[in-house]
Amino acid sequence: MITMNDIIREGNPTLREVAKEVPMPPTDEEKKLGEEMLEFLKNSQDPVKAEELQLRGGVGLAAPQLDISKRLIAVHVPSSDPEDDTPVLSTVMFNPKILSHSVQDACLGEGEGCLSVDREVPGYVVRHARVTVSYYDEAGVKHKRRLKNYEAIVVQHEIDHLNGVMFYDHINEENPFALKEGVLVIE
Ligand SMILES: CC(C)(C)[C@H](NC(=O)Nc1cc(F)cc(F)c1)C(=O)N(CC(=O)NO)CC1CCCC1
Ligand SMILES: [Zn+2]
């Protein structure tokens with residue numbers, strides 16, 4: 001199973017590569033990888049397993065973070081309602097692609113971090129507020145999905161990893177907390 005030791009950290013050149021498309025349908029090995037990535041995220045959000053395995057609570061993971069330069073991500077976004085156990089988004093996406101996006105931008109009020117970055121990098125990471133993504137599932141079936149709010153941010157963060165982009169590449173160097181008019185701040 002995947003643990004923190006399998007996750008490469010900034011400085012590893014793989015994190016700056018453009019990952020390769022996965023031919024559809026995915027091979028058994030690629031399907032297994034996707035399942036393991038999703039299992040890592042679920043384990044990382046389980047207090048007992050996270051403690052046992054010393055995992056950082058993760059909501060998304062991209063194959064390049066495992067030193068595998070393939071266009072494959074997993075996302076497991078829990079509901080913001082603690083009473084609700086159903087995640088708002090829990091899936092493996094092969095060859096995810098942003099088809100269209102809102103004019104409006106958004107950022108997390110807390111800024112962002114990354115499982116591959118062992119330091120705090122303060123500042124707003126401005127992204128699209130809403131995106132329409134297409135992706136293939138492990139059966140090779142094509143899906144199209146509109147995402148908004150936190151799950152839209154997570155998927156954009158993960159797709160960035162497939163293009164060698166790190167969250168801090170988006171932070172304004174002069175003023176990390178500069179915000180243009182109309183940017184939605186997601187708390
Ligand atoms: C880097 C880290 C702080 C671990 C971040 N987690 C997170 O932001 N909060 C979180 C953790 C949970 F378990 C459950 C939950 F609802 C929220 C994260 O997983 N990522 C994913 C990543 O590094 N992918 O490469 C960073 C997030 C920053 C914005 C979107 C993803
Ligand atoms: Zn990341």
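Both ligands and their constituent atoms are indexed starting at 1 by order of listing. The first residue of the sequence shown is numbered 1, and numbering continues consecutively from there.
- At under 3.5 Å, a nitrogen or oxygen of V59, whether backbone or side chain, sits near a nitrogen or oxygen of ligand 1.
- No side-chain donor-acceptor contact under 3.5 Å links E51 to the backbone of V48.
- For S116, no nitrogen or oxygen atom sits less than 3.5 Å from a nitrogen or oxygen atom of ligand 1, counting backbone and side chain alike.
- Residue Y136 places its OH atom among 12 or fewer non-hydrogen atoms of other residues, nucleotides or ligands, all under 6.0 Å distant.
- For ligand 1, the atoms sitting less than 4.0 Å from at least one non-hydrogen atom of E158 are 21 (C), 22 (C), 24 (N), 25 (O), numbered in the order shown with element in parentheses.
- Using a cutoff of 4.0 Å between basic side-chain nitrogens and carboxylate oxygens, D160 and R127 are scored as salt-bridged.
- In terms of polar-atom proximity, G60 is counted as a contact of ligand 1, with an N or O under 3.5 Å from an N or O of the ligand.
- Of all atoms in ligand 1, numbered sequentially from 1 with element shown, those under 4.0 Å from a heavy atom of G58 are 13 (F), 19 (O).
- In the model, S79 has no side-chain atom that pairs as donor or acceptor with a side-chain atom of D81 under 3.5 Å.
- Atom numbering of ligand 1 starts at 1 in the shown order; those under 4.0 Å from a heavy atom of P78 are 16 (F).
- Remark: ligand 1 atoms within the under-4.0 Å shell around heavy atoms of Y150 are 7 (C), 8 (O), 9 (N), 10 (C), 17 (C).
- Judged purely by distance below 3.5 Å, without hydrogens or angles, the side chains of S102 and H128 never pair a donor atom with an acceptor atom.
- At a 3.5 angstrom cut-off on N or O pairs, H157 counts as close to ligand 1.
- For the pair G57 and ligand 1, the shortest N or O to N or O distance falls below 3.5 Å.
- Both the backbone and the side chain of C114 come within 4.0 Å of ligand 1, judged by heavy-atom distances.
- No side-chain donor-acceptor contact under 3.5 Å links S116 and E10.
- Close approach of ligand 1 to L115 is summarised as follows: ligand atoms under 4.0 Å from at least one heavy atom of the residue are 1 (C), 4 (C), 22 (C), 23 (O).
- For E39 (side chain) and E35 (main-chain N/O), no donor-acceptor pair under 3.5 Å exists by modelled atom type.
- The backbone N or O of S69 sits nowhere less than 3.5 Å from a side-chain atom of E17 that would complete a donor-acceptor pair.
- A salt bridge does not link K32 with E138: none of the charged nitrogens is closer than 4.0 Å to a carboxylate oxygen.
- The backbone N or O of T3 sits nowhere less than 3.5 Å from a side-chain atom of Q54 that would complete a donor-acceptor pair.
- Short contacts between ligand 1 and R56, defined as distances under 4.0 Å to a heavy atom of the residue, involve ligand atoms 1 (C), 3 (C).
- Counting only distance, with no hydrogens or angles, the side chain of D137 and the backbone of V141 share a donor-acceptor pair below 3.5 Å.
- Counting only distance, with no hydrogens or angles, the side chain of N172 and the backbone of N175 share a donor-acceptor pair below 3.5 Å.
- Among E110, E112, Q156, the residue whose heavy atom sits closest to atom 29 (C) of ligand 1 is E112.
- Interface of H161 with ligand 1, defined as ligand atoms under 4.0 Å from a residue heavy atom, comprises 25 (O).
- Side-chain N/O atoms of N163 and R16 include no donor and acceptor closer than 3.5 Å.
- Note on the Zn ion (ligand 2): protein N/O/S atoms under 2.8 Å are C114 SG, H157 NE2, H161 NE2.
- Every residue meeting the ring pair (Phe, Tyr, Trp, His ring centres under 6.0 Å) condition with Y124, not counting sequence neighbours, appears here in chain and number order: F177.
- The distance from ligand 1 to the heavy atoms of V154 drops below 4.0 Å at these ligand atoms: 30 (C).
- Closest to atom 26 (C) of ligand 1 among all protein heavy atoms lies G113 O, 3.3 Å.
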